[in-house]
Number of protein chains: 2
Amino acid sequence: MVVSFAQIREEYPGVFSESCPTRVVLDHVMSKWGVLVLLALTDGTIRWGDLRRKVDGISEKMLASTLRTLETDGFISRTSYPEVPPRVEYSLTSLGDALMERMLPLMEWVAANADDITAREKPARCGPSEA
Amino acid sequence: MVVSFAQIREEYPGVFSESCPTRVVLDHVMSKWGVLVLLALTDGTIRWGDLRRKVDGISEKMLASTLRTLETDGFISRTSYPEVPPRVEYSLTSLGDALMERMLPLMEWVAANADDITAREKPARCGPSEA
DNA sequence: CTGCATCCTCTCGGATACTG
DNA sequence: CAGTATCCGAGAGGATGCAG
């Protein structure tokens, strides 16, 4: 690994420590659903129901739970309109924006390489190469 | 969110789909221990025992499991020396290197901001501000 | 529409003991 | 030293029903 990128260990020698706050934040933003919810929010403000439909496979429980965690962390903001039926909108805060600025390059790389990576594990992923 | 960063949704509209390979890779590299193991490997080649001691709190089971997953994905390489006692070394592959190139900026940002983020949740984290 | 409460399942992950 | 095998508890996470 290039040295210039590995300086995190010098600046933050405690990142490997069990008690490091980094662990907590990492668990939130890099959780199975946290990543996808945050990514969905890079689109801009979005309603609860739209979010649920957008993040394929997420349950209501996990969506609510994930949103609350990320809101507590300060990554997203929740706006509730006193209407009936209710309308609630979520969006990234400036902190969340800063986070995603670093996360998106990683996501794009993963999205671009995921096929090749998983393909190597399952001999034939789709095409009838030798069946 | 700045538009230039949000183009992942246009290029990879399937990232939100449950069956997208991205989900699998994401689960591996952004898992609780996957991140830390990969980060530890940015130091360069390292032995099994050193790795275990470095990543504070990881069990033998999870270390072995994490390493096998990441090796299968092609992010790390395993070199076993036919000696006694045995010696096994792990290091990043070029693929793993490319991954960490995108991951480290994120990690550094998280490490730099984790204190503030978690501090907001626990009114006083260390200092006797008002107790 | 936007959640919360409950129940229940299943996997993650820790502890321990054992092998080459 | 570098793992594997087994057991087991805790918590993640899904399904359903209900409330505001």
Side-chain angles (χ1 to χ4, degrees), chain A residues 16-20 23-38 40-41 43 45-73 76-91, chain B residues 16-20 23-38 40-41 43-73 76-91 121:
Chain A
F16 291 115
S17 163
E18 183 124 41
S19 57
C20 183
R23 291 254 179 127
V24 179
V25 179
L26 242 33
D27 275 356
H28 293 177
V29 304
M30 305 187 94
S31 68
K32 175 182 169 86
W33 299 118
V35 178
L36 293 171
V37 167
L38 284 168
L41 285 172
D43 247 343
T45 301
I46 185 175
R47 297 187 56 170
W48 198 88
D50 292 332
L51 199 48
R52 169 148 168 59
R53 252 166 276 118
K54 183 162 196 166
V55 181
D56 188 30
I58 195 171
S59 67
E60 295 186 352
K61 179 183 175 180
M62 290 318 296
L63 178 56
S65 162
T66 302
L67 285 171
R68 248 184 292 112
T69 299
L70 293 177
E71 192 196 357
T72 305
D73 285 342
I76 67 179
S77 67
R78 176 184 184 277
T79 310
S80 172
Y81 297 88
E83 306 170 352
V84 51
R87 181 165 58 101
V88 181
E89 294 184 342
Y90 293 89
S91 61
Chain B
F16 291 115
S17 162
E18 182 124 40
S19 57
C20 182
R23 291 255 181 127
V24 179
V25 179
L26 242 33
D27 276 356
H28 293 176
V29 303
M30 305 190 94
S31 68
K32 175 182 169 93
W33 298 118
V35 177
L36 293 170
V37 167
L38 284 167
L41 286 172
D43 247 343
T45 300
I46 185 173
R47 299 185 55 168
W48 199 89
D50 292 332
L51 199 48
R52 170 149 166 58
R53 250 165 278 119
K54 182 161 197 168
V55 181
D56 188 32
I58 195 172
S59 66
E60 295 186 352
K61 178 184 175 179
M62 290 317 296
L63 178 56
S65 161
T66 302
L67 285 171
R68 249 184 290 112
T69 300
L70 293 176
E71 192 196 358
T72 306
D73 285 342
I76 67 180
S77 67
R78 176 184 184 277
T79 309
S80 172
Y81 297 89
E83 307 170 353
V84 50
R87 181 163 59 101
V88 180
E89 294 183 343
Y90 293 89
S91 60
E121 294 161 31

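First the proteins, then the strands, lettered A, B, ... as listed; each starts at 1.
- In this structure, the CG atom of Asp56(A) is 12 Å from the P atom of dG14(D), given to the nearest Å.
- The interatomic distance linking Leu51(B) (CG) with dG3(D) (C1') rounds to 13 Å, in whole Å.
- When the side-chain nitrogen and oxygen atoms of Arg68(A) are compared with OP1 and OP2 of dC4(C), one or more of them lie within a distance under 4.0 Å.
- Between the CD1 atom of Ile58(A) and the P atom of dA15(D) there is a distance of 12 Å, given to the nearest Å.
- Comparing atom distances between the Ala64(B) side chain and each of dG14(C), dA2(D), dT4(D) picks out dT4(D) as nearest.
- Asp73(A) places none of its side-chain heavy atoms less than 4.5 Å from the side chain of Val25(A).
- In this structure, CH2 of Trp33(B) is placed 9 Å from P of dG13(C), rounded to the nearest angstrom.
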Start with the C-alpha distance between Asp50(A) and Arg53(A), add both sets of side-chain angles, then the distance that settles salt bridge (Lys or Arg N to Asp or Glu O under 4.0 Å), and finish with yes or no. CA-CA 5 Å; Asp50(A) 292 332; Arg53(A) 252 166 276 118; 3.0 Å; yes

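- Using a 4.0 Å heavy-atom distance criterion, Tyr90(B) is classed as a sugar-phosphate-only contact.
- The nearest whole Å value for the distance from the NZ atom in Lys61(B) to the C1' atom in dA2(D) is 17 Å.
- Listed nucleotides dC4(C), dT2(C), dC1(C) differ in distance to Pro85(A); the shortest reach to its side chain belongs to dC1(C).
- The distance between atom CE of Met62(A) and atom P of dC10(C), rounded to the nearest whole Å, is 17 Å.
- Of the candidate nucleotides dG14(D), dG13(C), dA2(D), dG14(D) has the atom lying nearest to any side-chain atom of Ser59(A).
- Side-chain proximity of Lys32(A) to dA2(D), dT2(C), dG13(D): nearest is dG13(D).
- If you check every strand for non-hydrogen atoms under 4.0 Å, Arg52(A) touches nothing.
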Quiz item: What's the verdict on side-chain hydrogen bond (donor to acceptor under 3.5 Å, both in side chains) for Glu71(B) and Tyr90(B), showing C-alpha distance, side-chain angles and the deciding distance?
Solution: CA-CA 9 Å; Glu71(B) 192 196 358; Tyr90(B) 293 89; over 6 Å; no

Walk me through it: do Leu51(A) and Leu67(A) pass the test side-chain contact (heavy atoms from CB on, under 4.5 Å)?
-> CA-CA 10 Å; Leu51(A) 199 48; Leu67(A) 285 171; 3.9 Å; yes

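- Here the side chains of Met30(B) and Val35(A) are in contact, with some heavy-atom distance below 4.5 Å.
- Nearer to the 5' terminus of DNA chain C, by closest-nucleotide assignment, is the contact made by Gly49(A) (compared with the other of Glu18(A) and Gly49(A)).
- With dT2(C), dA2(D), dG14(C) as the choices, the nucleotide that has an atom nearest any side-chain atom of Arg47(B) turns out to be dA2(D).
- Between the OH atom of Tyr81(A) and the C1' atom of dG3(C) there is a distance of 17 Å, rounded to whole Å.
- Rounding to whole angstrom units, CD of residue Glu83(A) and P of dG20(D) are separated by 19 Å.
- The nearest heavy atom of DNA chain D to Glu60(A) and to Ser31(A) marks one nucleotide each, and the one closer to the 5' end goes with Ser31(A).
- One finds a side-chain N or O of Trp48(B) lying less than 4.0 angstrom from the OP1 or OP2 phosphate oxygen of dG3(D).
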